[in-house]
Amino acid sequence: MTTRAIGNPELRNRVEKLRSLPASPAVLQPLPELLRKPPDEIEIAQVARLVSFEKTVAAQLLRVANSPLYARAVPADSIPAAISTLGIQRIEDILLSNCFSTLLPAAKWVIEPGVFWRHSFGCALVCREFAERIGYPDAEKAYLAGLLHDLGIIVNSLAYADEFRAVLATAVPNGRPLAEQEETMLGFTHSDSGAILAKTWKLPGDIVEVVQRHHDVEHAPRGNPLVAITHLCDLLCRLRDLGYGYQEWRAIDLAADPVWVALADHFPKLATMDLARFTLDLDAYVLRITALVDTIFSPADRLAKA
Ligand SMILES: [Fe+2]
Ligand SMILES: [Fe+2]
């Protein structure tokens with residue numbers, strides 16, 4: 001499907017003509033690079049400097065550090081204090097999710113933004129956990145892949161608002177996967193439109209492949225396991241109430257999924273992984289993700305009342 005749709009000149013034209021095509025968040029390049037260093041080599045001052053580039057992030061960090069999730073005895077009143085409470089990895093979660101949540105003005109969203117970010121952010125966290133468990137060497141990149149894989153939903157909301165609204169109106173009551181419904185009604189999917197934005201942003205090639213192929217893994221270039229990892233984690237999220245806010249009517253047997261089987265050839269730990277145990281762990285993990293996402297995206301006044 002995707003090769004034809006990526007070559008779809010009407011789609012390319014419409015996306016490229018978008019006056020309000022979102023700009024790539026400034027931290028997208030340096031942050032994962034910085035956090036890929038061993039923990040004892042990461043300088044808090046450097047992270048604090050990076051954080052200060054994003055206007056609303058400082059307030060956001062303080063808000064989350066002082067939320068009931070962290071139960072501090074004394075409130076954090078500075079960025080370094082918030083960083084030491086939250087930990088470097090959580091800073092990344094908050095910083096990136098905050099930047100991405102401002103990509104699209106509230107009025108332009110076709111899908112509920114909280115649902116979208118819960119899915120993207122949840123998928124990022126599950127990708128990181130999954131990558132670590134199977135021994136994929138770059139868990140930070142897996143995180144980024146999960147966060148960005150559905151970029152095309154933002155593009156569709158901007159470039160095809162009415163058509164995309166109609167897609168959702170049909171997919172949701174029928175429990176049909178979004179990509180299938182897009183293919184039927186639009187002739188392309190959010191993978192296709194997202195790939196155009198990912199290329200415009202000059203994202204790394206393996207992340208572009210994730211955006212473009214996560215619903216079409218059999219056509220992904222060999223040698224990029226990130227596509228398979230993201231595909232599986234996306235499925236896990238959609239099965240675990242971290243999807244698009246509706247129940248998809250499809251039976252999924254992950255261990256029999258050809259993508260799972262192929263990935264197990266590359267990562268022997270996957271073949272011996274206790275899938276039932278992993279999905280149970282994920283259930284607990286999903287609760288933590290949901291609490292975190294709700295804290296990050298809750299309006300301050302709602303949080304204050306919590
Ligand atoms: Fe997707
Ligand atoms: Fe997804």
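The first residue of the sequence shown is numbered 1, and numbering continues consecutively from there. Each ligand, and each atom within it, is numbered from 1 in the order the structure gives.
In summary, Arg176 and Glu248 do not engage in a salt bridge, as defined by a charged side-chain N under 4.0 Å from a carboxylate O. Ion pairing between a basic and an acidic side chain is recognised when a charged N comes within 4.0 Å of a carboxylate O; Glu132 and Arg128 show no such pairing.
Restricting Asp150 to its N/O/S atoms, the shortest distance to the Fe ion (ligand 2) is reached by OD2. Here the N, O or S atom of Asp234 that is nearest to the Fe ion (ligand 2) is OD1.
The only option from Leu232, Val227, Asp257, Leu263 that meets the side-chain contact (heavy atoms from CB on, under 4.5 Å) definition with Val217 turns out to be Val227.
Backbone or side-chain N, O or S atoms of His214 do not reach the Fe ion (ligand 2) at under 2.8 Å. The nearest N, O or S atom of Cys237 is not closer to the Fe ion (ligand 2) than 2.8 Å.
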* side-chain hydrogen bond (donor to acceptor under 3.5 Å, both in side chains) between His119 and His149, intermediate numbers included -> CA-CA 10 Å; His119 173 69; His149 75 288; 3.2 Å; yes
